[in-house]
Structures are given as C-alpha cells and as structure tokens.
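Note sheet for the following structure.
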Amino acid sequence: MARRPRPLRIATWNINSVRLRSARLGDLAAALEPDILCLQETKSPDEHFPLAEVKRLGFRHVLMRGMKGYNGVAILSRLPLAPVEGMPDWCTKGDCRHIAADIDLPGGPVRIHNFYVPAGGDIPDPEANPKFRHKLEFVEEATRFFQAGAADGGRTVLVGDLNIAPLPDDVWSHRQLLDVVSHTPVETEGLTRWLATAGGWVDAPRVTVPVPQKLYTWWSYRNRDWRLSDRGRRLDHVWLTPDLRGALKDTTILKDARDWPQASDHVPVMATLLI
DNA sequence: ATGGTAGATATTCTA
C-alpha cells in the first residue's frame, strides 16, 4: 500500500534583523503555516537570537549561523533537523551567508541549503567595486560546489536571498535595470550557470507563475509608495532538484508582508511540496 | 540627474 504524500511547506524570508522583527515571525507563521522557515540577514549573534520566541511559535528545531551587525542565516523547523557539516567557508570570509540541514522525512531526508548572496554594492564593475567582485566570486564558487556534486544525492531544496533577478520579467523594467546591480548580464548569466547545476534546478515560483508574468519579492525602502510605483525585483528564490519537480504543488509570495508594521523590504516566498 | 529609506552601530557601514 503506497503511503499517502503529505504537504511540506518550505519558506524563505530576508527578515532584515530578526531581533527587530521577531514578532512578525508569528504573523508569517499564521499566514503561511510553513514547516520550515529559512531566514537571511538576521543581523544577530547566535547568543542574542530570539530562540525562546521562535520555539513558542512551534519551531522547536533551530539551526543558526549569525554574527554581529550584518549577514546571518537560520533555519527554523517544526520537523527534526540534522546540521550538514563540512560546508565551504565561502570566499574564505567566515561571514555567515550559508547554512544547510537535512530534514528527516519518510522516504528519506530532504536537504535544505539556505543562502544569502552578497548584495554587491552600487557599482557593477568588479575592478572598481570589491563588493561586486565578491558577489560574482560567491556565485562562481557556489556553481563549482554544485558542479562538483554537492546535490547529487537528490531531494534537495535551495532557498535564499540570492540578490539577483535573473529573468527580464523578474524586474519592473528590464531595459532600465541592465546596468543596475542585481540584474546586470554578468550577474544573470552567473545565476543561470548556477541554476544549470545539479541536473538543472527547478525554479519553483516560475513553474506556477510562468513568464511573461511579472514576479517580485523585493521592493526598495526608497520609494514613497512601493505598491503604487511597483518597482520590484525577484531576488528571493526557491529551487528544487529535478527529482522533486513532481512533488511541487504550489508556491506563494506573501506580498502583503510588505505592508506589515516595520516591514522588511523583502517578502516571504514559499513552496508547498507533496512528499 | 538625483536622491530617496532602513537597520546596526557608533558617529559610518551595509543594503
């Protein structure tokens, strides 16, 4: 008798300070009911992470990698997690931009990679701008990591703020953003090479909302009225290894979160798998 | 063409 597949909801959110916005985690949990929630830009050393609050919300299993002031990632889970050890120190900077875990599930584990790719500064020139060079090198290193077989075990979900909007319909104006960091050809081509690793990742939100529909996950703080101007970009991603393509049931982009009190400039993205 | 806002931290960096 075949086991009945059950929904597994995996969400990602650049929270832009977990200490400032810990109360919004309850709003997110109520709205999306994720089983797994991956955070980026927690901006908190691990000893100051609001762990008790997160556990009260039902995320009893938490892995984090934080530092003072910047960066920081975490995986919150209702299901048991096993940390994946021995991951690279990306660009040898020790700067808390990646954490990985195995979720214990019937039929075997599902591996989660949670990434926070460098934003890259303002000037899209790797010679003039070390932050942009770091971004390109980070994406190349991640590409080599998966080319070398890091997801060959299958059943892998890669999420995070990748800080690149790869497709023309992932930005409000393809033409006007071609020389803006996050949508330059050198970045989108780099992300496309990363996407082609692991046998070809499935870009989950683009399965349920195909091009040429516009799809954004981030709206700048520097707009008078983000909804009216709608100058968004799709910077936050959920990718699946090909063996999970058939399990993909739906995706959700929680646009309403951009209007929450003290909103993050990113909104949560979730994939529902039947697994 | 420019500057606009937000967060952590410390008087500036990152986004």
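A quick note: this is a predicted structure, and the numbers were derived from the prediction, not measured. Note on naming: letters A, B, ... go to the chains in the order of the sequence lines (proteins, then strands), and numbering restarts at 1 for each one. Below, each value reflects all heavy atoms present in this structure, side chains not excepted, and no hydrogens, waters or symmetry copies.
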With rounding to whole Å, what would you report as the distance between B:dA6 and B:dT2 at their P atoms?
23 Å
Contact boundaries of DNA chain B with chain A (under 4.0 Å, heavy atoms), 5' to 3'?
B:dG4 to B:dA15
Between A:Gln40 and A:Thr12: side-chain donor-acceptor atoms closer than 3.5 Å
yes
Between the side chains of A:Glu140 and A:Thr143, is a donor N or O closer than 3.5 angstrom to an acceptor N or O?
no
Which comes earlier along DNA chain B counting from the 5' end, the contact point of A:Tyr70 or that of A:Val18, where each point is its nearest nucleotide?
A:Val18
B:dT14 to B:dT9 separation - P atoms, rounded to the nearest Å
14 Å
So what does A:Arg231 hit on the nucleic acid, given a heavy-atom distance under 4.0 Å: a base, only sugar-phosphate, or nothing?
nothing
Run the side-chain hydrogen bond (donor to acceptor under 3.5 Å, both in side chains) check on A:Thr251 and A:Thr208 step by step: do they pass?
CA-CA 7 Å; A:Thr251 65; A:Thr208 46; 2.5 Å; yes
Within 45° of the six-membered ring axis of A:Phe115 and under 6.0 Å from that ring's centre, is NZ or CZ of A:Arg97 located there?
no
Between B:dT12 and B:dA1 - P atom distance, rounded Å:
30 Å
A:Arg222 vs A:Arg19, nearer the 5' end of DNA chain B by closest nucleotide
A:Arg19
Using a heavy-atom cut-off of under 4.0 Å over every strand shown, decide if A:Arg97 touches base, sugar-phosphate, or nothing.
sugar-phosphate
Rounded to whole angstrom, note down the C1' distance from B:dG7 over to B:dT11.
15 Å
Under-4.0 Å salt bridge between A:Lys131 and A:Asp122:
no
Is the shortest side-chain N to carboxylate O distance from A:Lys214 to A:Asp170 below 4.0 Å?
no
